S.K.: 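Structure incoming, see below.
Below, each value reflects all heavy atoms present in this structure, side chains not excepted, and no hydrogens, waters or symmetry copies. Read the numbers this way: they start at 1 and go in the same order the structure lists the ligands and their atoms. Since we're looking at a predicted model, the values are computed, not measured.
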Amino acid sequence: MRWTRSLIPTLKEDPAEAEAVSHRLMVRAGLVRQLAAGIYVYLPLGQRVLDKVNAVIREEMNRIGGQEITMPVLHPAELWQQTGRWSAIGDEMFRLKDRGKREMCLGMTHEEVIGWLAAREVRSYRDLPQTWYQIQVKLRDEARPKSGVLRTREFLMKDSYTLDRDEAGLEKSYQLHKEAYCRIFERCGLAFHVVESDPGIMGGAGAHEFMAPSEAGEDEVALCDRCDYSANVELASSRPRPPEFPDWNLEEIPTPNAGTIEQVCALLRIDPALTIKSLLLVTKEGPLLALVRGDQQLHEKKLAMLVGEVRPAHRDEILMHLGAEAGSIGPVGTTLPTIADESLRTGRYVVGANKDGFHVRGVVPGTHFQPRWADIHHARSGDGCPRCDADLRIERVIEVGNIFKLGTKYSVSLKAMYLNEAGEERPIVMGSYGIGPARIAAAAIEQHHDQQGIIWPEAIAPYQLHLLPVNMRDEKMMELAEALYAQLQAERVEVLYDDRAERPGVKFKDADLLGLPLRVTIGSHALKEGVVELKVRRTGEEFRVPPSEVVSKAKSLLSNLLK
Ligand code: ATP
Ligand code: MG
């Protein structure tokens, strides 16, 4: 492609609103433009990247027996009402009415449509298993669209769905997907972790996420380098290291003006791990006291999984139920239902005395009060691995893919049944699998860039080779550039030919910004010496070869880069 014939609006300056590296570079390199919050136009280079990613995804999906289909974006409400998600999902769903006042929504995922289809088209065990996939637009009114194309309200998703006779079949389909996903991310040049995740609103029996390490991510994972334990911190368990417990007797001690853990610890000169943080929360059933160690954080999601949604109690509720201000409340002597974190099973602690300005020292959980035990703390780096007790590491990541064992939740509600060998009706066992091609592209940029710009992994680069003659007014140079352009194209190398009459500095800057894997520079001096320069963007390696060898050298460098 000739630069002068294309739309590649590069920018010299960073866009003001962009924080994430990928956002900044995708705008500057002329890949995307934002139309409105979380809504993007993909310009030609951005589109080429998406096409590349999608090609990799298609190959790997077809390889595990996936069959591509296209489902509608516009869905009738009834389908979602049947599965209960019409009411379970809140503002994230775009809803609308058609001219006949029928309620509709825009597809944020396609389990409902798959269930509908399976209910009609799958009859007997002989029709199973099936793997259906599509690469198509999803619409979600995200609360916080951010970081460029990492979280948008309209985005492309490859979603696939497996239909099986039984759990064993699902397990097989699930494993195949897991392997296909690993190949997809490897081929796209991403470093990633496969971690256990919370099935959340999907329901079902198990789930994994594919997480690309990056500071721009919104998720965190807990990793153990010794035994390979890995989980989203939303459900990761951990063993907080126990402190040295002093030999305290049970006694009430004055703690005037000390309302926070830090203030109490400063006053008593003790480690926060020797205190208990008591939090009064309110569930549908009423008040509840939640306890975590003073140096830990309560994990509200874990707690919500046990007791449903919670909210912090108001000041007057705290005073009414415990008779003291928030900073002096504790579990001793109260009849409120109490949940204590597992890490409090051993040791003696300082807790609020339910009397303003006082704490109790030497409290032994399980002896001086009887809680329900549960894991309700946030895993932290340095905590013990729940499997092997080695130190856990917490890493920030971008979720690029997600796989779920759905089981029969959707097939039962949508009546997607099949007849087994004995002629009995059974619900189809389903799996659901998603990947965001734009997130892959953005995550790849987050992981592969430098001060100057993007460093594309070869498989998803918009073009493979950047042909850069430094001076378009030099006739000899032009002639050579045109000839190389023609030869490279004849050899099916994807070339971006910078035929602009720009200053060399501008062209070099843009080449680094776009980050194509290989740059072929035709410079004035080198040309006099009878050589052309090839430079690998990723390593900075340079090769000088005579014009006649450029094409073969470029091809061999590119094929090595693709390995
Ligand atoms: P997140 O927790 O980041 O909101 P999700 O769990 O809602 O993701 P899924 O519904 O499992 O995501 O979607 C599958 C894949 O689609 C994700 O792994 C991600 O790659 C992509 N994806 C999800 N939401 C968005 C979005 N708002 N913008 C871009 N890509 C997205
Ligand atoms: Mg989401």
Side-chain angles (χ1 to χ4, degrees), residues 20 22-23 26 32 34-40 42 46 49-50 53-54 56-57 61 85 88-94 106-112 114 133-161 174 177-178 180-182 184-185 188 190 192-204 206-212 214 216-221 231-235 301 396-406 410 430-447 460:
S22 57
H23 186 190
M26 286 178 90
V32 296
Q34 183 180 309
L35 175 65
I39 307 179
Y40 279 82
Y42 283 80
V49 173
L50 281 186
V53 174
N54 292 344
V56 170
I57 292 174
M61 290 312 299
R85 290 209 286 188
I89 294 174
D91 291 342
E92 208 173 318
M93 186 188 274
F94 282 105
L106 303 181
M108 43 190 299
T109 177
H110 279 75
E111 285 78 13
E112 276 73 5
I114 288 286
Y133 79 94
Q134 64 173 348
I135 300 180
Q136 194 236 32
V137 158
K138 297 279 183 278
L139 289 124
R140 296 182 184 177
D141 201 355
E142 297 275 357
R144 277 175 293 279
K146 61 185 273 195
S147 310
V149 303
L150 281 171
R151 183 174 297 284
T152 54
R153 298 195 293 168
E154 174 173 328
F155 60 96
L156 214 51
M157 194 197 289
K158 185 290 297 172
D159 44 329
S160 41
Y161 305 86
Y174 191 81
H177 264 86
K178 211 167 168 186
Y181 273 36
C182 288
I184 289 167
F185 298 125
C188 291
L190 287 188
F192 64 97
H193 304 292
V194 187
V195 308
E196 277 176 47
S197 73
D198 167 17
I201 188 138
M202 289 291 193
H208 285 85
E209 287 165 325
F210 295 78
M211 301 296 217
S214 160
E218 293 185 55
D219 283 286
E220 284 184 333
V221 293
N232 192 316
V233 287
E234 289 190 347
L235 89 174
K301 266 205 173 167
R396 191 154 271 282
V397 292
I398 298 170
E399 181 208 306
V400 283
N402 212 329
I403 59 180
F404 300 90
K405 289 181 192 167
L406 297 177
Y410 294 90
M430 285 174 61
S432 155
Y433 316 83
I435 278 189
R439 273 214 195 154
I440 291 185
I445 296 175
E446 294 290 341
Q447 292 186 350
I460 62 173

S.K.: For E399, check side chain to side chain donor-acceptor pair (under 3.5 Å) against everything at least two apart and list the hits.
M.R.: N402
S.K.: Report the part of M157 in contact with ligand 1, treating N, CA, C, O as backbone and CB onward as side chain, heavy atoms under 4.0 Å; options are side chain, backbone, both, neither.
M.R.: side chain
S.K.: For ligand 1, which atoms have a heavy atom of E142 less than 4.0 angstrom away?
M.R.: 24 (N), 26 (C), 27 (N)
S.K.: I need the contact type for T109 against ligand 1. Using non-hydrogen atoms and a strict under-4.0 Å cut-off, is it side chain, backbone, both or neither?
M.R.: neither
S.K.: Ligand 1 versus R140, non-hydrogen atoms closer than 4.0 Å: side chain, backbone, both, neither?
M.R.: side chain
S.K.: If I apply the N/O under 3.5 Å rule, does I435 come out as touching ligand 1?
M.R.: no
S.K.: Can you tell me if K146 and H23 form a side-chain donor-acceptor pair at under 3.5 Å?
M.R.: no
S.K.: Heavy-atom contacts under 4.0 Å between T152 and ligand 1: side chain, backbone, both, or neither?
M.R.: both
S.K.: Hey, are E111 and R85 close enough for a salt bridge, meaning a charged N less than 4.0 Å from a carboxylate O?
M.R.: yes
S.K.: Does A231 have any side-chain contact (heavy atoms from CB on, under 4.5 Å) partners at least two apart in sequence or in another chain, and if so, which?
M.R.: E196, Y229, L235, A236
S.K.: Is the shortest distance from a heavy atom of L150 to ligand 1 less than 4.0 Å?
M.R.: yes
S.K.: Under 4.0 Å from a heavy atom of V400: give me the atoms of ligand 1 that qualify, with their elements.
M.R.: 18 (O), 20 (O)
S.K.: May I ask you to list the atoms of ligand 1 that are less than 4.0 angstrom from any heavy atom of G401?
M.R.: 18 (O)
